[in-house]
Amino acid sequence: MKIALVTGGSRGIGRAIVLKLAEMNYHVLINFLSGEEAARETLAMVQQMGGTGELMPFDVSAQQSIENALELWYNNNPEKYIEVLINNAGIRKDALLMWMKNEEWNDVMNTNINSIFFITRRLIKDMLINKYGRVVNVVSLSGIKGLPGQVNYSAAKAGVIGMTKALAQEVGKKNVTVNAVAPGYIKTDMTKDLDENMLKAMIPVGRFGTAAEVAEVVGFLASDKASYITGEIISVNGGIYT
Ligand code: NDP
């Protein structure tokens with residue numbers, strides 16, 4: 001049984017990625033923070049497709065919570081390893097820098113970048129030992145071009161882009177690839193406060209994207225078909241020039 005972990009897999013882009021990986025015959029570990037109902041719904045969708053998965057609640061913004069959950073899983077599954085890791089969980093706490101509170105900076109850093117350090121450090125070990133692995137980080141247009149009101153979010157996502165490129169060079173020889181997908185404006189809970197009618201004027205394709213459109217690219221990068229692609233950042237943004 002091949003195993004994949006999707007952080008923030010309960011809804012939005014993460015849910016679409018869970019479904020894509022289930023379709024690729026992965027047993028999917030569905031991480032979330034507090035939205036258990038949505039996570040259960042996602043698992044039910046996986047099972048309806050004839051796939052398998054399990055819920056793995058932990059707080060990606062807290063090192064101890066990550067380490068406890070992963071050690072518990074490894075202890076219960078000593079013969080197995082997680083060969084695909086999708087670092088997708090993320091939050092926005094927008095404010096102009098001048099007014100940004102410490103908490104808005106720290107929460108976004110802990111959830112969107114520090115999390116990836118702690119989770120990937122643990123999982124990469126087994127990928128290297130087994131000489132196969134795929135890491136896909138979900139970053140953002142904001143981390144490539146910077147967006148006003150998102151100094152915290154842009155910094156975190158740009159940092160993850162740097163991590164992606166550096167780690168890819170560390171682990172390439174062991175058949176482990178590390179890539180990132182940078183969505184533009186995608187219809188999920190995270191963007192429900194944004195006005196699509198106003199923003200679509202600057203999107204060449206003329207609309208917000210769907211979570212499934214992001215998941216297709218993540219699925220490809222997570223597959224063995226993408227074996228010669230590593231350290232890449234692929235935009236899925238309807239043609240916004242970056
Ligand atoms: P949603 O807000 O729809 O979903 C966020 C997911 O992350 C939920 O499953 C949520 O679980 C989980 N999550 C949040 N905080 C934590 C935490 N501390 N620990 C564990 N899980 C957590 O977001 P999207 O699907 O829109 O975004 C997914 C990724 O895509 C993010 O990294 C985001 O930055 C990125 N992105 C999104 C874009 C968009 O337009 N939507 C554009 C560019 C990038 P729970 O419900 O339990 O809190």
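Side chains are part of it too, since the values below use all heavy atoms of this structure and drop only hydrogens, waters and symmetry mates. One-based numbering, in listed order, for ligands and for the atoms of each.
- Considering only non-hydrogen protein atoms, atom 31 (C) of ligand 1 sits nearest to Asn88 O, 3.1 Å.
- With a heavy-atom cut-off of 4.0 Å, Thr188 touches ligand 1 through its side chain alone.
- Checked against Asn137 for a side chain to side chain donor-acceptor pair (under 3.5 Å), the options Asn112, Asn179, Asn87 give a single hit: Asn87.
- Classification of Glu216 and Lys20 as a salt-bridged pair holds, one side-chain N sitting under 4.0 Å from a carboxylate O.
- Residues Lys174 and Met127 fail the side-chain proximity criterion, which asks for heavy atoms closer than 4.5 Å.
- The side-chain heavy atoms of Thr120 and Val178, taken from C-beta on, include no pair separated by under 4.5 Å.
- Residue Gly8 has at least one N or O atom closer than 3.5 Å to an N or O atom of ligand 1.
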Exercise for review: Using the side-chain contact (heavy atoms from CB on, under 4.5 Å) rule, take Glu83 and Tyr26 through it: C-alpha gap first, then chi angles, then the decisive distance, then the call.
Suggested key: CA-CA 10 Å; Glu83 68 170 45; Tyr26 275 95; 2.5 Å; yes
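- Proximity of Val139 to ligand 1, defined as any heavy-atom pair under 4.0 Å, is confined to the backbone N, CA, C and O atoms.
- Close approach of ligand 1 to Asn31 (heavy-atom distance below 4.0 Å) involves ligand atoms 20 (C), 21 (N).
- Atoms of ligand 1 found under 4.0 Å from any heavy atom of Gly12 (numbered from 1 in listed order, with element): 3 (O), 25 (O).
- Under a 4.0 Å criterion applied to the non-hydrogen atoms of Tyr185, ligand 1 contributes the atoms 40 (O).
- Contact atoms of ligand 1 toward Asp189: 3 (O) (distance under 4.0 Å to a heavy atom of the residue).
- Note on ligand 1: Lys187 sits outside its first shell, no heavy atom being nearer than 4.0 Å.
- Residue contacts with ligand 1 for Phe32 involve both N, CA, C or O and side-chain atoms from C-beta outward (heavy atoms, distance under 4.0 Å).
- The single protein non-hydrogen atom nearest to atom 10 (C) of ligand 1 is Arg11 NH2, 3.8 Å, given as residue, atom name and distance.
- Looking at atom 19 (N) of ligand 1, its nearest protein heavy atom turns out to be Val60 N, 2.9 Å.
- The shortest contact between atom 16 (C) of ligand 1 and any protein heavy atom is with Leu33 CB, 3.8 Å.
- Atom 13 (N) of ligand 1 has its closest protein heavy atom at Ala89 CB, 4.0 Å.
- Using a 4.0 Å cut-off to heavy atoms of Phe58, the atoms of ligand 1 that qualify are 19 (N), 20 (C).
- Nearest protein heavy-atom contact of atom 9 (O) of ligand 1 is Ser10 OG, 2.7 Å.
- For Ala38, the closest heavy-atom approach to ligand 1 does not fall below 4.0 Å.
- Here the protein heavy atom with the shortest distance to atom 30 (O) of ligand 1 is Val138 CG1, 3.3 Å.
- If you look at Asp59 next to ligand 1, the close heavy atoms, those under 4.0 Å, come from the backbone and the side chain alike.
- By the rule that hydrophobic residues join a cluster once side-chain heavy atoms approach within less than 4.5 Å of another member, Leu167 and Val60 end up as members of one cluster.
- The proximity of Glu36 to ligand 1, defined as any non-hydrogen pair under 4.0 Å, does not occur for either the backbone or the side chain.
- Defined by atom type and a distance below 3.5 Å, a donor-acceptor pair is missing between the side-chain atoms of Ser61 and Ser115.
- Arg207 has its side chain out of reach of Lys187: every pair of non-hydrogen atoms, C-beta onward, lies at least 4.5 Å apart.
- Heavy-atom proximity to atom 5 (C) of ligand 1, evaluated over Ala211, Gly14, Gly90, is greatest for Gly90.
- Residue Tyr153 touches ligand 1 through its side chain alone, judged by heavy-atom distances below 4.0 Å.
- Residues Ile234 and Phe220 form no side-chain contact, since every pair of their non-hydrogen atoms from C-beta on lies 4.5 Å or further apart.
- Looking at Ile91 next to ligand 1, no N or O pair under 3.5 Å apart turns up.
- A salt bridge is defined here as a Lys NZ or Arg NE, NH1 or NH2 lying under 4.0 Å from an Asp or Glu carboxylate O, and Glu41 with Arg11 fails to meet this definition.
- Checked against a 3.5 angstrom limit, the closest N/O atoms of Thr191 and ligand 1 fall outside it.
- The nearest heavy-atom contact from the protein to atom 42 (C) of ligand 1 is Gly184 O, 2.8 Å.
- Residues Arg122 and Glu71 form a side-chain contact, since some pair of their non-hydrogen atoms from C-beta on lies under 4.5 Å apart.
- Annotation: side chain of Phe117 is in contact with side chain of Met163 (closest heavy-atom distance under 4.5 Å).
- Any N or O atom pair closer than 3.5 Å counts here, and Ile13 shares at least one such pair with ligand 1.
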